[in-house]
Number of protein chains: 2
Amino acid sequence: MSSLVEAAAPSLNISQRPAANSQPWQGYSLYFEILSRHSPLSITNRETLTELQQAPRRFKKGSVIKNHELNTKYVLAIQNGWACSCRVTEEGKRQIIDLYLPGDIVGLRDYHAGGRFDEVIMLTEGLVIPMHKSQLDLGMQKDHSLVNAVLATSMHQCNIMADRLNNLISHDATTRIAYFILELHARLNLARGEIQELTLPVSQQVIGDLLGMTNVHVCRCLSQLEFQGLLTRDKESRNIRILDYAALLTLAEFNTSYLYSCRVDNPRASRPLNPH
Amino acid sequence: MSSLVEAAAPSLNISQRPAANSQPWQGYSLYFEILSRHSPLSITNRETLTELQQAPRRFKKGSVIKNHELNTKYVLAIQNGWACSCRVTEEGKRQIIDLYLPGDIVGLRDYHAGGRFDEVIMLTEGLVIPMHKSQLDLGMQKDHSLVNAVLATSMHQCNIMADRLNNLISHDATTRIAYFILELHARLNLARGEIQELTLPVSQQVIGDLLGMTNVHVCRCLSQLEFQGLLTRDKESRNIRILDYAALLTLAEFNTSYLYSCRVDNPRASRPLNPH
DNA sequence: CGAACGGTTGACAAGGGTCAAGTTCGGTGG
DNA sequence: CCACCGAACTTGACCCTTGTCAACCGTTCG
């Protein structure tokens, strides 16, 4: 079972780079949007979180944005792009164990462990907004509702992982792919807008690494889903259009979409994550 | 891929049963022990947590101790025995997605979701200590160090799940079993005492459900590990004795034992979880 | 232009599932 | 005490799913 994320590209510690001179992110609080999704936060928190978050940083595909010595004191909010966390074996192979999409926070899982565990790598180019852990800690001490928001967000990530585990254990390859597509569809909050099109901006090799199968078989399974009339693909753009949503749900036994739902008064899809 | 936990046995809502008259658990705080493992807690927390925790309850194997309507307002600490959480499909099949051992806290994952997600079932007979969520919330508001402890404990569980995911994705069946045994060995904190013997108090069917394989193949893989001289089994007691710990580690690529380590000043193995 | 990468396809092999029969053991009832 | 039963484990035969290896094609990029 092979597992390769692209060889690590050069990366920078966030603290090495001071805030840029133009500050278009000022006044926009990605953290507030993310954290208030699962637990109500007052407008005061919005101001606090806006102050705490640092300048967005752009990373290239393949950049290591976090490991045992890089950004251990930061959590990172993904504003744009996909990232994954990997376990690195002694032989240097990387096994993808978690996937981060726009609107996810990276670094909660080893928040209290000094960030020792995983390496986080950009799967695409993207924008990342750092926040210093100690400042988030201070924020939580000042306002307890922030504690609940952080806890709820962490648990939400944990539930997504439980779902993936469920998917891996109980489904065969084709079904796993179908489930994965529906998971992305839900996490990207496309279900709410009844948008039936999404992009998988990664290679079939990466999809295989995520789902515990080979790139060859990913290709076969996708072809089969297409053959069955459940979806169509555009190879160039890596777009997928879901043709028969209901049939996909049935096939994948995907009935946990509620896991990914946000609070009703703060729909994720209705507001673009990138304000520029 | 079949998945069956024994048919649900009768179960009681914890609140239906007042504290017993004799109270041997008084003064003993399982929650303090668990929560202080990953983040330092003051002795004040010990008293608080001791007050908050309710009378231990004994459950039979197969009891449902938590679901969408049962104990939704409680977290449960496992003092004794094994439990698992399951996703229930529409056809009523149960898929095990998480395993709880003595010293684990049940109900953190859907803490903020009203406990809607999983059903938790005893895999063996066991003792469970409930605590009302709202009281834990109050405790966290009073003392911020408790927040860190709860967060760290949650994240620890999340990391264990990430490890299981890693195991499922990257290993074949025999290796998965080896990894699973090492995971248990580490989580039960036997590594510290260099104890090479442990008990799997569940059927091979359940092990298969946990690892995404059939009971038949679990049997074959265990036999093979025994044949290779890595361990011996006692069928009656369901005991396993590890003969070649180093070889098992190598085979399973298990190098994450640090994940399960407790704080040095509070070793889990040195103090029995059941004070009676 | 050629190299590198990602996707596709085919032939073949191996890992693991399925089914069925047999075994052991503990519990139950006569 | 023995007969019977069910649960769990074991083993063998067979077959399907998936991995492996290789060739080929289209695109992109230097």
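Source: prediction; values computed, not measured.
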By nearest atom, which of the nucleotides D:dG19, C:dG6, C:dG17 is closest to the B:Met213 side chain? C:dG17

Just the rounded figure in Å: distance from P of C:dT8 to CZ of A:Phe227. 16 Å

Non-hydrogen side-chain atoms of B:Pro102 and B:Asn80 separated by less than 4.5 Å: no

Value in whole Å for how far the P atom of C:dC25 lies from CG of B:Asp234: 11 Å

Do A:Glu194 and A:Tyr245 touch side chain to side chain, with heavy atoms closer than 4.5 Å? no

Could you tell me whether the side chains of A:Gln224 and A:Thr174 share a donor-acceptor contact shorter than 3.5 Å? yes

Closest to the A:Val216 side chain, choosing from D:dT11, D:dA22, D:dA8: D:dA22

Spacing of A:Ile177 atom CD1 relative to D:dT17 atom C1', expressed in whole Å: 14 Å

Where the side chain of A:Ser203 is concerned, which of D:dT10, C:dT8, C:dG6 is the nearest nucleotide? C:dG6

Please confirm whether the shortest side-chain N or O distance from B:Thr214 to OP1 or OP2 of C:dG17 is below 4.0 Å. yes

Any donor-acceptor pair under 3.5 Å joining the side chain of A:Arg220 to the base of D:dG19? yes

Is there a side-chain polar atom (N or O) of B:Gln204 under 4.0 Å from OP1 or OP2 of D:dA7? no

Looking just at side-chain N and O atoms, do B:Arg94 and B:Thr89 make a donor-acceptor pair shorter than 3.5 Å? no

Nearest whole Å is fine: how far is C:dT9 C1' from A:Gln224 CD? 15 Å

What is the bend of the helix from C:dC1-D:dG30 to C:dG30-D:dC1 when you compare the axis at one end with the axis at the other, using five pairs each and rounding to 10°? 30°

Between B:Ser170 and A:Gln95 the two heavy atoms that sit nearest each other are CB-OE1, 3.7 Å

Mind calculating the distance between CG (A:Leu222) and P (C:dG6) to the nearest angstrom? 16 Å

Pick the closest DNA chain C nucleotide for B:Lys235 and for A:Cys219 by heavy atoms, then say which residue is nearer the 5' end. A:Cys219

What's the closest nucleotide to the A:Arg233 side chain, out of D:dT11, D:dG19, C:dT8? C:dT8

Rounded to whole Å, CD of A:Glu236 lies from C1' of D:dC25 at a distance of 12 Å

Geometric cation-pi criterion, B:Arg57 with B:Phe59: 6.0 Å, 45°: yes

Do the ring planes of A:Tyr179 and A:Phe254 sit parallel (below 30°), tilted (30 to 60°) or perpendicular (above 60°)? perpendicular

Starting at NE2 of A:His217 and ending at C1' of C:dG6, how long is that distance when rounded to a whole Å? 19 Å

Whole-Å distance, A:Gln205 CD to C:dG7 C1', equals 12 Å

